[in-house]
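The structure appears right after this line, and notes come after that.
Order of the sequence lines sets the chain letters (A, B, ...), proteins ahead of strands, with each chain counted from 1.
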Number of protein chains: 2
Amino acid sequence: MATMQDVANLANVSLATVSFTINNSKPVSPKTRAKVEQAMKELNYRRNAVGSALARGRTHVLALLYPALQHRLSPTSVRFFTSAADQARLRGYNLVLWPMSNEAEAVTELTSSGLVDGVVLMEVQLDDPRVTELSRSNIPFALIGRTRDTTGIPFVDVNFESAVETAVDRLIQLGHTNLVLVDGGGGDQLLGGYGPVARTRKAFGEVTAQRGLSAAIMSGLHSSAGGRDLAKEFAAQHPDTTGVLIMNEHAGPGFVAGLQQAGYRLPRDISVLAIASSVDTASMAEPEMAVLISPADELGRLGVDALIDQIDKKDDPLPQLLIECTYSPGATMGKAPRKKP
Amino acid sequence: MATMQDVANLANVSLATVSFTINNSKPVSPKTRAKVEQAMKELNYRRNAVGSALARGRTHVLALLYPALQHRLSPTSVRFFTSAADQARLRGYNLVLWPMSNEAEAVTELTSSGLVDGVVLMEVQLDDPRVTELSRSNIPFALIGRTRDTTGIPFVDVNFESAVETAVDRLIQLGHTNLVLVDGGGGDQLLGGYGPVARTRKAFGEVTAQRGLSAAIMSGLHSSAGGRDLAKEFAAQHPDTTGVLIMNEHAGPGFVAGLQQAGYRLPRDISVLAIASSVDTASMAEPEMAVLISPADELGRLGVDALIDQIDKKDDPLPQLLIECTYSPGATMGKAPRKKP
DNA sequence: CTGAAAGCGCTTACAG
DNA sequence: CTGAAAGCGCTTACAG
């Protein structure tokens, strides 16, 4: 690989001038510029990013932290990632998916390595040691999700509270008065207090109480098999329920299939509405589910904007944004039946 | 952030000695080591990876190139990524998912930046300009997948040829003689000659001809909706077919649902076998599909091994490995019916 | 076993 | 507009 010095030699200018030319950091005469560009072309020169990073103190790489333990990425997470990467590129950065353990120590290692200019954190827990660690570090960061206490912490998140309210009210309008929330909040996720689950449960409890509805909550695994099991359990435990909110992307299609195996016809006997999910997932189910679509693209884009604004020291007000889900109809929503299935 | 020089000052040793201590690159007396370690602790010192990378010429970061255009990652791709990342960590490297356009130019940019020590390439086309570009560069690389001509190119791939043979023979054993292969090879993928599709089609043609079967090929979109459409089309065009191989992970569940909407009962009227897919996807379908499981974990692991072996200059023979799929039963395989549906 | 010094490939005041 | 030189934070022959 040719170095900047090689280019300077060939062009008969100084190393500094090559740098000025490449970075447009100082005026360079057209003649000199031409010489330098010619030399770069001849040598097929590419600036070494590591040398540049050391001198500048910036690598122009952003890391999207991804919990390696979680062996499944939902379509919605993939959309976060894709839109975040696009936005980063648009603003002159590379965004990479950086898998790592959930421990704060791993975060420290990355942030203090100097390898990345900033961090976007996904899958945030209510009390997340990684966020504490990020706050302690001097590296800019932004959350997709949010902790319990968000003081001074830049984040973008789904407005789960309003999504739940919307979902419940849509079911009420169809005459449903006995609802169940199905989520994926068991096991690991509950321990750490996974934000989306905790917030959705709380909102569900409050909204249903306020509206005077019967309500219950169930949890299951993040897989189709988990969804089928949930359906079986649901049929046994909640024979009077006619409306279900499901926030468990991987289990959704299995749940719908399981309901039908248990004898329910959709939407005649029961209505199902997926929350914070995607059309992709909803259309995997048979029949296609109605869904409140997670604003994944927007979250990824805004998360990266929040991060880069900090890096570039735009002293904008601290970004703390909640984005709404949007409703997409499906064949799983219908009027409440007169009698139970 | 404290630098190595700060540590040296505090410990009253030279910068070099701190480096020797950290890297175990030269013997250091226990006394000196203790002083250095004490100083590091006090300053909460972390080695700056950029400085280290510049001096060593190694960043210890590997990139898994991921085509940014493709807005969906199949469960199988996620498994590649996860297992590759685990294996990299085990061997002292960080593996990150690096989204980029499909153009060779983007590859050049990355490889010549010095930011990564090696590259694993996914979603390989039969004639892939990115591979040409990687070969031209001096950076070590490995493919998950393979090009048409694999001379001198390290790769690991699914043995699609034998998977097709296995699949066809399983259907033959059940009495099926009229088969259709459903894939996702339309549009973009065909233009570039996407390896898995091309190889599977070729093998399907050869095996069915050799066994004297009726055979046809259909292609559809990579989505559940695409799968439903395919099923409709299939019902109309292939009324005599009783066995389907499907290699289109995103469309699988929708295809199975669509068949049933079209009046087929599975597996009485028709058998469906997913190829190079995952149990995850298979169990999204109702009923659960039988599947030849892609050896994604093994491919990710072996791909990274192949890459790191090159970086570490282990002059092993060029790794070129084909890994077999494994069969997992499902409720979509049954004896061929006497009459047509 | 330890240290002084050169060098990795850049950027950027500073001087002209 | 251009250049000589210091410096970013490390590693590693080389010398002792």
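There is no side-chain donor-acceptor pair under 3.5 Å between A:S135 and A:T132. Between the side chains of A:T17 and A:S14, a donor-acceptor pair is found at a separation under 3.5 Å.
Nearest-nucleotide mapping onto DNA chain C: of B:R56 and B:P30, the residue sitting toward the 5' end is B:P30. Of the residues near DNA chain C, B:T32 and B:A55, the one whose nearest nucleotide (by heavy atom distance) lies more toward the 5' end is B:T32.
Contact between the side-chain N/O atoms of A:T17 and the OP1/OP2 oxygens of D:dG3 is found at a separation under 4.0 Å. Look at B:N23 and you'll find a side-chain N or O under 4.0 angstrom from OP1 or OP2 of D:dT11. Contact check, B:S14 against C:dG3: a side-chain N or O comes under 4.0 Å of OP1 or OP2. When the side-chain nitrogen and oxygen atoms of B:R47 are compared with OP1 and OP2 of D:dT11, one or more of them lie within a distance under 4.0 Å. Taking only side-chain nitrogens and oxygens, A:Y45 comes nearer than 4.0 Å to OP1 or OP2 of C:dC10. Residue A:S29 places no side-chain N or O under 4.0 Å from the OP1 or OP2 atom of D:dC1.
When A:V124, A:T150, A:T147 are each tested for a side chain to side chain contact (heavy atoms under 4.5 Å, CB included) with A:F155, only one passes: A:T150.
Atom C1' of nucleotide C:dT11 and atom NZ of A:K26 are separated by 10 Å, given to the nearest angstrom. Rounded to whole angstrom, the span from the CZ atom of A:F20 across to the P atom of C:dA13 amounts to 10 Å. A:M40 places its CE atom 15 Å from the C1' atom of C:dG9, with the value rounded to the nearest Å. With rounding to whole Å, B:I22 atom CD1 is found 14 Å from D:dG9 atom P. If you measure from atom CZ of A:R58 to atom C1' of C:dT12, you get 15 Å, rounded to the nearest angstrom. Going from atom CG of B:N48 over to atom P of C:dC8 covers 19 Å, rounded to whole Å. Counting to the nearest Å, the P atom of D:dC14 and the CG atom of B:L15 are 20 Å from each other. Rounded to an integer number of Å, the gap from CD of A:Q5 to P of C:dC8 is 10 Å.
For the pair B:A296 and B:F80, the tightest heavy-atom approach, listed with the atom from each and the gap, is O-CD2, 3.4 Å.
Contacts of A:V50 with the nucleic acid, taken as non-hydrogen atoms under 4.0 Å apart, are absent. Counting non-hydrogen atoms under 4.0 angstrom, B:S52 reaches the backbone sugars and phosphates but no base. Within 4.0 Å of B:R33, counting heavy atoms only, lies no atom of the nucleic acid at all.
Under the Watson-Crick or G-U wobble criterion, with both distances below 3.5 Å, D:dG3 is paired with C:dC14.
Among the nucleotides C:dG9, C:dT12, D:dA13, the one closest to any side-chain atom of B:L54 is C:dG9.
Using a 4.0 Å cut-off between charged nitrogen and carboxylate oxygen, A:R91 and A:D309 count as a salt-bridge pair.
Looking only at side-chain heavy atoms (C-beta outward), A:V107 and A:V119 stay at 4.5 Å or farther from each other.
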